[in-house]
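So the structure is just underneath, and the comments pick up after that.
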Amino acid sequence: MKAVLLEKIERRTAHIGVIGLGYVGLPLAVEFARAGFRVLGYDVSERVVKLINGGKSHIADVSASAVADLVRTGKLEATTDATRLGELDAMSIAVPTPLAKTRDPDMSYVLSATETVARSARPGQLIILESTTYPGTTRELLQPAMEARGFVVGSDVFLAFSPERVDPGNERWTTKNTPKVVGGITADCTEVAVALYSSCIEKVVPVSSPEAAELTKLLENTFRSVNIAMVNEMAIVCDKLGVNVWEVIDAAATKPFGFMRFTPGPGIGGHCIPLDPHYLAWKMRTLNYKTRFIDLASEINSEMPMYVVKKVSAALNEERKAVKGSRVLVLGIAYKRDIDDMRESPALDVISLLQELGAEVSYHDPHVPHFAEDGIRLKSVALTEGVLRDADAVVIVTDHSSVDYQRVVNEASLVIDTRNATSRTMTGRAHIVSLSDSPLSSKAVGASS
Ligand code: SAJ
């Protein structure tokens, strides 16, 4: 089986599948097709399948022309017909792994994809799970599903895990040039999975097991969550000491070794960092171990929106204004700079907390024309002089590059800057409050001169 599969991969005659055509699956399907394979994309969404077969793309990182060319030349086809998965020699599963409201893993998509794949599985197939998940998923969920069909994993069929490392909007690091970690249930599983990814990804990194591959991804993103939380706590520390946290981080970042810059902010958003570490925390709870770093990081990061709202409240108080009835303009609501993605954005928490205090909240975000989430439904207001002058406070939550912060500082009366976006502006009309204000440090400088 292994020799046959390796031969088909080598000669590009293997029929490759991608299960789940989202921001991970579609770019991967395109790379496989560009490598010369015939690729079948499977998705449960009729809309997505029709779009792709019509030569269009719903993923910003994949151009419609790329899809159209591959569909026209018969290299790429999409389907909702799960019975066709039996045609495939190899397939990658890239379906969502969100968190339930209880912050526990929601494995429903992986379970459903596993059943679909197992139902149509046949000897000789290679199946790779890419969805970010807790260590043990491949061995505990996918392997038994294949064995229930009477297959021996490692000889009849091959099974591996390979974490996705797609960073939407990142033009420097793409599916093709981002190193790909792969861990199979057996050495032969790893070998065929490495061969498949090596056909279209520049660097493939084999590890000894699916658990090692599953944990690699969780380490990567837990590393970020913990370090972001650490600088968020440093911002609070600096605030209490009257030191500008941004100045301290910039100075620390001059250290050419042993330091990595992270920046504080109003909390963390996105589909990875706030969620992935909880998959590991959940798994370790089943083994009676408390992952204290993950839990503490999550606690600190999720307290940042309230910290920001307290800053707004204190700043309005200094102007003898109550939050209640104040007009607050939130500037930038996507979960990070220069993208339009709102998932888990801390701006949602900031807005709802301000509304709970009775503020009249509006927002401006050049990338997010309107949104309706968690009971909040708003449209982006134009960033006019009138809007800026009318605002009792402007809160910079996400620092999109396209916004003119000098104009904001010139026109607004009060700016709470959670991203250091105003660090290079000249003095304007606005009183600027930083995430970690530094009344004392200006005095301290005066004292030393
Ligand atoms: N954030 C901070 N301070 C920081 C870095 C991020 O507050 O120093 C906030 C961001 O504003 C955002 C959240 O954390 O709300 C997550 O930011 P992120 O830079 O980690 O961006 P993501 O969520 O798009 O993370 C993705 C991840 N990619 C994958 O999981 C494949 C992550 O591993 C990447 O390192 C990251 O992109 C990246 O570097 O862009």
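In each ligand, atom 1 is the first atom listed, and ligand 1 is the first ligand listed.
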To the nearest 0.1 Å, how far is [atom] from its closest protein heavy atom, and which atom is that?
atom: atom 26 (C) of ligand 1; result: D167 OD1, 3.6 Å
atom: atom 6 (C) of ligand 1; result: I228 CD1, 3.5 Å
atom: atom 13 (C) of ligand 1; result: G269 O, 3.5 Å
atom: atom 9 (C) of ligand 1; result: I268 CG2, 4.0 Å
atom: atom 29 (C) of ligand 1; result: K217 NZ, 3.4 Å
atom: atom 3 (N) of ligand 1; result: T263 O, 2.6 Å
atom: atom 28 (N) of ligand 1; result: V166 O, 4.0 Å
atom: atom 24 (O) of ligand 1; result: Y335 OH, 2.8 Å

Assess N170 for proximity to ligand 1: is some non-hydrogen atom of it under 4.0 Å away?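 The answer is no, since N170 has no heavy atom less than 4.0 Å from ligand 1.
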
Salt-bridged, [X] to [Y], with N to O below 4.0 Å?
X: R261; Y: D250; answer: yes
X: D295; Y: R103; answer: no
X: R292; Y: E299; answer: no
X: D390; Y: R327; answer: no

Would you call the rings of F262 and F223 parallel, tilted or perpendicular, taking 30° and 60° as the class edges?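 F262 vs F223 ring planes: perpendicular.
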
In terms of the angle between their ring planes, are Y335 and H271 parallel, tilted or perpendicular, with boundaries placed at 30° and 60°? perpendicular

Within this structure, what is the CD1-CZ distance for the pair I93 and F161, rounded to the nearest 0.5 Å? 10.5 Å

First locate atom OG1 of T174, then atom CG of D167, and finally report the distance between them rounded to the nearest 0.5 Å. 11.0 Å

How does R337 reach ligand 1, if at all, at less than 4.0 Å between non-hydrogen atoms: by side chain, backbone, both, or neither?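 Within the 4.0 Å criterion, R337 makes no contact with ligand 1.
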
Measure from atom 35 (O) of ligand 1 to every heavy atom in M304, R224, M230, R261 and give the option owning the shortest one. R224

Please identify which atoms of ligand 1 are closer than 4.0 Å to at least one heavy atom of R419. 7 (O), 11 (O)

Side chain or backbone, does R165 bring an N or O within less than 3.5 Å of an N or O on ligand 1? no

Just distances here: any N/O of N221 and N/O of ligand 1 closer than 3.5 Å?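 There is such a contact, yes.
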
So, the side chain of K217 versus the backbone of E164: is there a donor-acceptor pair under 3.5 Å, distance only? yes

